[in-house]
**Q** 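Structure provided below as structure tokens; questions to follow.
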Amino acid sequence: MSAPEKQPVDLYKLSEIAEGPHSFKQNPNRLRPPARRYKPARQVIGDEQKYLQTKENIKFDTPTWFSVAAPPSLVPQKHYCDITGLRGKYKNPANSLRFHNVEIYQEIIKNMPPGVDQEYLELRGANVILK
Amino acid sequence: MAPTKVKTEEPELPPQKVHLLRDVVPPTDLDPIYSNYQTGVPIALDIGCSSFKIGLTNSPEPHNIFPSVAARYRDRKALKTLTLAGKDVYRDSLVRSSIKTPFDGPLVTNWDYMEVLLDYSLAHLGVVGDNGRLNNPLILTEPVGVPFSQRKNMYEILFEAYQAPKVTFGIDSLFSFYANSTSSTASGLVIGTGHESTHVIPVLHGKGILSQTKRIDFGGHQAEQFLGKLLSLKYPYFPSKLNAHHTSNLFRDFCYVSKDYQEEIDHILDMDKLEEADIIVQAPVEINVGTEKKKSEEELARQAAKRREQGKRLQEQAQQKRLEKLIQKQEEWDYYSKFREESEKLNKSELQARLETDGFDDLADFNKYMSGLEKSLKKAHDQDIGEGDNHEVDPASAWPLLDTPDDQLTEEQIKEKRKQRLHKANYDARERSKELKRQQEEEKAQYEREQQEWREKDLEDWCNVKRIHLAGLISKYKESIKLLESFKDRKSAAAQQRMKNIADLANDESGSTSAASRKRRRNANSTIDNDPNDTFGANDDDWAVYRDISNQKIEEELGETNQEILSLEEELLKFDPNFHHEDTFAASQTFDWRNSVLHKFIHGPRQNITIAMQAEGINPDEIDNHPEIIRKNHQIHVNVERIRVPEILFQPHIAGLDQAGISEISSDLLNRSFGSSFYEGGDSLNLIRDVFVTGGLAHLPNFTTRVTNDFTSFLPVGAPIRVRTARDPIGDSWRGMQKWASSEECENSYISKADYEEYGPEYIKEHGLGNVSLR
């Protein structure tokens, strides 16, 4: 969708605001650490784990990135239909998709193109991941 | 609905409201630049994964709120790279395609972009550094238990690039709570729902208890993505793709927290509930109406008449030809039958000579030809019975020549006699078939009479017997359907058995199988494809084997059973007072969309008009091009999803997260970690007296009601629970920072540049609204 711009905007001017130079950012001695540029979150978290292992005063309840993560649920899981989200009383033994009633099974699950079942399972993290 | 003997018409339903699918709207105004800049006033930056809220603390409101995105775009003409941030990225469609966020999940991963966004923030605050530095203290937000490298990188930018005098960090939800509390020592349970994660943080006497804090890795962003995936699976053939802005808007506009999920999903697809719950969203679509002119009625009628005329002419021609052939054949037969009579008197060699002059090989060949001739004559007679002239003839006087011997007749008369014989044969056959029909009718009438008597004598018994018979037929019908169905599945027992039968059949087909297979074994090079002994197909009848093993027989049976069911039901409808139209097999088999969960899930509480039009027998091309159908094909029905997505906060396993939900975490916290201290002055009591919901998802309707309901279920009876949302769930964390900036606590928790240089990036000063030091 490209809505017509109301007034012509000078993108260069806008760019200057973000890019600078800024009067508040004039440190000639600033060092650019080379390694900091881009790290995916997974790696950042991995580094944090290593970092925490070097700390001696970490106790079980010290609030770190890992200790504040919510624990697994202890209440029995309720089952829901993978297709509609209604109660999922039944399970297809072939691909373990849950379904609400026979109609869902007959119309959707039986005629499912290959691979779609995995997409449904992926929603609840139950898909098969080949490594 | 009362049972009826006739089909009922469905009542009309009023049309539903249609919402339009909303895309991103480019902001019309630029982010303003602050004119009230003062050196030394603390600057508060609420750095959220979805938006930045920034401002100098000399103002009560955040000055700028903009999405935390940036874009780099190379202008090839000017050979210049443009860097745009915040709202500006939506200004140009080319730039819009390269939008990026510095965040990956809840963490900052692209520090270049983060720096761009900070530059952009400070520039819009009108910051002027007369000594090349930033001369204001900074208050920033960070996640709970932030990884060390994150803070280190942030310190680096703040102290190295801007050379800020002093900096402090806090947690956004706690700032929001601070802004919404009257005293700085308030207690409460903070539920902070963010863009990437949701936190449950207990606050006692103004201090966040981070050791008891829990984080669910699910926030608004995940919810929107989940909704997008659900909808793309629900409508796999949807013509246009939903982008992130579409799903985001759908989520914000229509999702709500269910007050009682288990109860609500059981009834959300009931017709009356669905009427309210179902939302139609229309994706933009262009419809061209009426490109082709339809042919008029008259023209169609004329065409049909012309076709009929042609057909008639052809039929007449064919009949003419058939008659000519028939006469010729009849003549031939007459000639050869006379020849056969004569041939009995001849001896062998004479006969052979006669046969050869007439073009036959031998007597067998001749007999074969004769039998063929007879057969075709008989067939022709049978065929003409139906269409022959129907005027009455008197069998006694119509064919006078037949009884006269040939030798008394002239040439002309013999010919006439032949014709008469043909006619007589026709007449006889017609009479026979008439007689047969009459007999059948009599039998039928007899049967009707018997039935009638039976009914008069004992209607109940009659009904029972008929019903039992009907039930038997129906179950037979279903069995056959099942059998046919199971043939489709290659692995089913029925299909396997059938394959076995076919294999057996192929084996005994030729009596010489054992010899042939032995031969085949001897000839190692021959396979099933090039076996010289395989003569299958040489005779056309060989192919009949495929007809034998096809499922046609079952299908034919199916049709017969269906006919029987229909006629039986007709009788029952007529005579059984308790048998109604609803009880018929057809009625139970017809698709009633009101009872179809799937139909209501996908098409909402109105009948899918494609199905309706197909039922009316409109041709498929017309259906596809019907403007209403095209419009419907671009519509999404959001119903179960409206509650299914927000429910993940309470049951994260729905989205495959192996974590406890908000209520379970809180229950654990109040009943176990704080020891169920619901007496006056106890921690648990203090917490439940102020359950505080903040963050973007607090905008979802019914959030507080649901939290109240869930909490009530695990709290002691009569516990004084109070749940509230922030006045402004998104902006209040900034207001909390602004309020906090003037407190003594804030003053004491700044890290100065000197501290940073002396103690390194690990050093922080702990305070009630921030993370703890791990040093």
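Throughout, a chain's letter reflects where its sequence line sits, starting with A, and its residues are numbered from 1. Just so we're clear, the structure is a prediction, and the values are computed from it rather than from any experiment. Worth knowing before you read on, the calculation uses all heavy atoms, side chains too, and leaves out hydrogens, waters and symmetry mates.
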**Q** Select, from His79(A), Lys25(A), Gln43(A), His100(A), the one with the greatest count of heavy-atom pairs under 4.5 Å involving chain B.
**A**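 The option with the most such pairs is Lys25(A).
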**Q** Which residue out of Val144(B), Asp668(B), Leu118(B), Leu122(B) racks up the most heavy-atom pairs below 4.5 Å with chain A?
**A**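 The option with the most such pairs is Leu122(B).
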**Q** Output the residues of residues 55-65 of chain A for which the shortest heavy-atom distance to chain B is under 4.5 Å, in residue-number order; output 'none' if no such residue exists.
**A**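 Those residues of residues 55-65 of chain A which have a heavy atom under 4.5 Å from chain B are Lys55(A), Asn57(A), Ile58(A), Asp61(A), Thr62(A), Pro63(A), Thr64(A), Trp65(A).
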**Q** Verify the ring-centre separation between Phe24(A) and Tyr37(B): is it less than 6.0 angstrom?
**A**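 Centroid distance Tyr37(B)-Phe24(A): not below 6.0 Å, so no.
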**Q** When only pairs under 4.5 Å are counted, which of Leu774(B), Ile665(B), Asn135(B) shares the most heavy-atom pairs with chain A?
**A**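 Ranked by heavy-atom pairs under 4.5 Å with chain A, first place is Leu774(B).
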**Q** I need the Lys600(B) NZ to Thr84(A) OG1 distance, nearest 0.5 Å.
**A**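 These two atoms lie 11.5 Å from each other.
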**Q** Please look at Tyr73(B) and chain A and tell me whether the side chain, the backbone, both or neither of the residue comes under 4.5 angstrom of a heavy atom of that chain.
**A**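 For Tyr73(B), there is no contact with chain A at all, as no heavy atom is under 4.5 Å.
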**Q** Is Glu119(A) salt-bridged to Lys229(B), cutoff N-O under 4.0 Å?
**A**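 No, Glu119(A) and Lys229(B) are not salt-bridged.
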**Q** Please name the pair of heavy atoms, one in Arg124(A) and one in Ile654(B), separated by the smallest distance, quoted to 0.1 Å.
**A**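 Smallest interatomic distance, heavy atoms only, reads CB-O, 3.5 Å.
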**Q** So, do Ser73(A) and His653(B) sit near enough that their side-chain heavy atoms are less than 4.5 Å apart?
**A**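 Heavy-atom side-chain distance check fails, nothing below 4.5 Å.
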**Q** For the atom pair CG (Leu598(B)) and CD (Gln106(A)), what is the distance rounded to the nearest 0.5 Å?
**A**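 Spacing of CG (Leu598(B)) from CD (Gln106(A)) equals 11.5 Å.
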**Q** Shortest non-hydrogen contact from Glu48(A) to Val146(B)?
**A**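 Reported closest heavy-atom pair: OE2-O, 4.2 Å.
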**Q** Where is the tightest heavy-atom contact between Tyr80(A) and Ile265(B), given as atom of each residue plus distance?
**A**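 The answer is CE2-CD1, 3.6 Å.
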**Q** Would you mind telling me which of Gln163(B), Gln262(B), Gln150(B) has the largest number of heavy-atom pairs within less than 4.5 Å of chain A?
**A**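 Most heavy-atom pairs under 4.5 Å with chain A: Gln262(B).
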**Q** Leu74(A), Leu52(A), Asn29(A): which one forms the most heavy-atom pairs within less than 4.5 Å of chain B?
**A**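 Ranked by heavy-atom pairs under 4.5 Å with chain B, first place is Leu74(A).
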**Q** Could you tell me which portion of Ala69(A) (side chain, backbone, both or neither) has an atom closer than 4.5 angstrom to a non-hydrogen atom of chain B?
**A**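 Its backbone and side chain both get close to chain B.
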**Q** What are the two closest non-hydrogen atoms of Lys214(B) and Ala70(A), and how far apart are they?
**A**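 The answer is CD-CA, 4.0 Å.
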**Q** Using only non-hydrogen atoms and a strict under-4.5 angstrom cutoff, which residues of residues 85-96 of chain A touch chain B?
**A**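 Listed by number, the contacting residues are Gly85(A), Leu86(A), Arg87(A).
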**Q** Hey, does Glu107(A) have a side-chain heavy atom less than 4.5 Å from the side chain of His599(B)?
**A**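 They are not in side-chain contact.
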**Q** Identify which of Asp47(A), Ile45(A), Ile83(A) forms the greatest number of heavy-atom pairs closer than 4.5 Å to chain B.
**A**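 Maximum pair count with chain B is reached by Ile83(A).
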**Q** Between the main-chain N or O of Glu160(B) and the side-chain N or O of Asn27(A), is there a donor-acceptor pair closer than 3.5 Å?
**A**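 Yes; judged by distance alone, with no hydrogens or angles, the pair exists.
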**Q** Which one wins on heavy-atom pair count under 4.5 Å against chain B: Ile108(A), Leu121(A), Val116(A)?
**A**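 Highest number of pairs under 4.5 Å: Ile108(A).
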**Q** Would you say the side chain of Val44(A) lies within less than 4.5 Å of the side chain of Val108(B), judging by non-hydrogen atoms?
**A**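 Not in contact.
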**Q** Where on Ile643(B) is there a heavy atom nearer than 4.5 Å to chain A: the side chain, the backbone, both, or neither?
**A**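 Interface part for Ile643(B): neither.
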**Q** Between Lys78(A) and Glu647(B), is there a side-chain N and carboxylate O pair less than 4.0 Å apart?
**A**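 Salt bridge flag = no for Glu647(B) with Lys78(A).
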**Q** Apply side chain to side chain contact (heavy atoms under 4.5 Å, CB included) to Arg215(B) and Phe66(A), showing your working.
**A** CA-CA 9 Å; Arg215(B) 178 192 69 233; Phe66(A) 304 97; over 6 Å; no
**Q** Sub-3.5 Å donor-acceptor pair from the side chain of Asp104(B) to the main-chain atoms of Ala41(A), do we have one?
**A**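 Pair found, side chain donor or acceptor close to backbone of Ala41(A).
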**Q** Any side-chain donor paired with an acceptor under 3.5 Å for Gln26(A) and Tyr162(B)?
**A**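 Absent: no donor and acceptor within the cut-off.
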**Q** Find the one option among Asp119(B), Leu84(B), Val597(B) whose heavy-atom pairs under 4.5 Å with chain A are most numerous.
**A**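 That would be Asp119(B).
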